[in-house]
2 protein chains.
Amino acid sequence: MLISGYSESSSFNPSYRQSEPGPNGQDRLSALFSGTPSRRIQTKDHVFCEGDMLRHVYRVEAGLICTYRMMPDGRRQVMGFAFPGDIVGLGTGSDHNTSAQAIRPTRLRCLPFAVLCEAMRNDAELTATLYEALAEELRNARELLLSVCHRSAAERVAAFLSALAQRNERRGLDSSNIDLGMTRTDIADFLGLTIETVSRTFTKFRITGLIDIAQCTAIRIVDRSGLERLAAGNISRND
Amino acid sequence: MLISGYSESSSFNPSYRQSEPGPNGQDRLSALFSGTPSRRIQTKDHVFCEGDMLRHVYRVEAGLICTYRMMPDGRRQVMGFAFPGDIVGLGTGSDHNTSAQAIRPTRLRCLPFAVLCEAMRNDAELTATLYEALAEELRNARELLLSVCHRSAAERVAAFLSALAQRNERRGLDSSNIDLGMTRTDIADFLGLTIETVSRTFTKFRITGLIDIAQCTAIRIVDRSGLERLAAGNISRND
DNA sequence: CGGAAAATTGATAGGCGTCAAAACTCGTGG
DNA sequence: CCACGAGTTTTGACGCCTATCAATTTTCCG
């Protein structure tokens, strides 16, 4: 399972750009962002809402953003979490089709969409990079769909924790001690479960020795391979 | 709910291309396809498989394609159905991340990916069109995620039938008499249900007067607004 | 310290998956 | 034209997983 839908550096793979190994689109995107003003927002503040006109594209500098959509009946589907380095707001039409909300104090850089469009018009490399970022989004959305549709609660939570561990690993952080940074509600809405089920599953993992829970939001992974086997569906559901 | 993940003409909305109303990228894409050879495949034949190298992009001329991914445990998630006019195979990295299989005799046009890339490198309009097609994919994947995660079986099936009716309507076809063209298994794997549940739901809809089932694959919609209310979740689940 | 929000734990019920069998569809060949 | 058989669909019985409702405990800040 992938956690963040948005362009994470390590996942770029602009395959259809076969030649021209020179300065790549990612660098150019970084360059675009580096000149922009930064903005600080508090926990629960919205970056944008579903239906808002698309004016800016954002890059998370610090903090944590979650993107979500609401159902007519008031339920919420979290689409992904954007960690520092991730880009939020790409790939919509003229309007945002998700809402984006900070779930802890966050610093963002804001790139006007018009500037990005103008740059894309003159820079095929940059366009290719954004195209790939979007393709990555799509892969993540499909991955999430698979996770949520065809997995038990335990498998979903295990996959979620594994993904966080992998993420920390890629970033050179501690892959055993995970700071969730989000509430049970956020996790539940991401995994298509209820907070009670998420909580019970955490407890079960603690009892079976897969994890340790120091505080609600600080998880220590004790048996990583066990967690990954469970996530992959290789363990009976009544474990 | 949207049925086909892929670029359907009516859904294009290249918002970030603000100027240049001239010949648009869609026309250019059509032009690219019109020179390609066409290929006929039979029901159950694969167009490509998950993990295959990305060599071609396809446009469905006639028939019906379904794209899907497999879970490690053998379960299948249908990602979408591609009807005539839809494009299949976009937006992956260097490999396909879904499989695509004909579920009835189908005719395709095959555009070599290298040709498309070359064209994109020289044609910002075309690139913009493909970018939008990808964004549309992403919207559809998210829509499907919402459908599948937070809706009851009846709501999902109702949404599915409504979407088919809307699709027929947009195409100027009969919006009441729907030819599914797919098996219960395909529908079940798309909606994240079992074939038994799909079948039972169809039966319940027939009994409650929402639909008529002439043959397994030929559905007549009797109470369209009822179906749409149900799809929207506005009716109690024990209806 | 105090109060609100979040998390945990428990009891219960119901929807949907699973297993099983019967009915139906449709293409093939006699 | 009818019969046959494989594949698909329908129907039924049953049980499990998870949502729901409810109460308590813990966490987090002011």
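Chain A is the first sequence line, chain B the second, and so forth, proteins listed ahead of strands; every chain is numbered from 1.
The shortest non-hydrogen separation linking A:R39 to A:V47 is NH2-O, 3.9 Å.
Taking the six-membered ring wherever Trp is involved, the centroid distance between the rings of B:H56 and B:F113 does not fall below 6.0 Å.
Electrostatic pairing of B:R200 and B:E196 does not count as a salt bridge here, judged by no charged N lying under 4.0 Å from a carboxylate O. By the 4.0 Å N-to-carboxylate-O rule, A:D45 lies too far from A:R40 to be salt-bridged with it.
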Write out a two-atom table: protein N or O, nucleotide N or O from nucleotides 23-30 of chain D, distance below 3.5 Å.
none

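One atom, CG of A:D189, and another, P of C:dA7, lie 12 Å apart when rounded to the nearest Å. As a whole-Å value, the separation of B:M182 CE from D:dT8 P is 15 Å. Atom CD1 in B:I213 sits roughly 18 Å away from atom P in D:dT8 (whole-Å rounding). One can place CG of B:L193 at 15 Å from P of D:dT9, the figure rounded to the nearest angstrom. We find that CD of A:E155 is positioned 11 Å from P of D:dC17, with the value rounded to whole Å. Counting to the nearest Å, the C1' atom of C:dA5 and the CZ atom of A:R184 are 14 Å from each other. For the pair A:E196 CD and D:dC17 C1', the interatomic distance rounds to 14 Å; values are reported in whole Å. Between the CD1 atom of B:I219 and the P atom of D:dT9 there is a distance of 11 Å, given to the nearest Å.
The nucleotide whose nearest atom lies closest to any side-chain atom of A:T203 is, among D:dT9, C:dT18, C:dT8, C:dT8.
Each of B:F202 and A:T194 was matched to the nucleotide of DNA chain D holding its nearest heavy atom; the match closer to the 5' end belongs to B:F202.
The base of D:dG12 sits within donor-acceptor range of the side chain of B:R200, with an N or O pair under 3.5 Å.
For D:dC17, the OP1/OP2 oxygens have no side-chain nitrogen or oxygen of A:S152 closer than 4.0 Å. Residue A:S199 places none of its side-chain N or O atoms closer than 4.0 Å to OP1 or OP2 of C:dA7. In this model, the phosphate group of D:dT18 is not approached by any side-chain N or O of A:T197 to a distance below 4.0 Å at OP1 or OP2.
In this structure, B:R171 fails the cation-pi test against B:F83, since its NZ or CZ atom is not both closer than 6.0 Å to the six-membered ring centre and inside 45 degrees of the ring normal. A cation-pi contact, defined as under 6.0 Å to the ring centre and within 45° of the axis, links A:R76 to A:Y68.
The residue B:T183 sits close only to the backbone: its heavy atoms come under 4.0 Å of sugar-phosphate atoms, none of a base.
Under the side-chain contact (heavy atoms from CB on, under 4.5 Å) rule, B:Q77 has a single partner from B:L144, B:L191, B:T67, which is B:L144.
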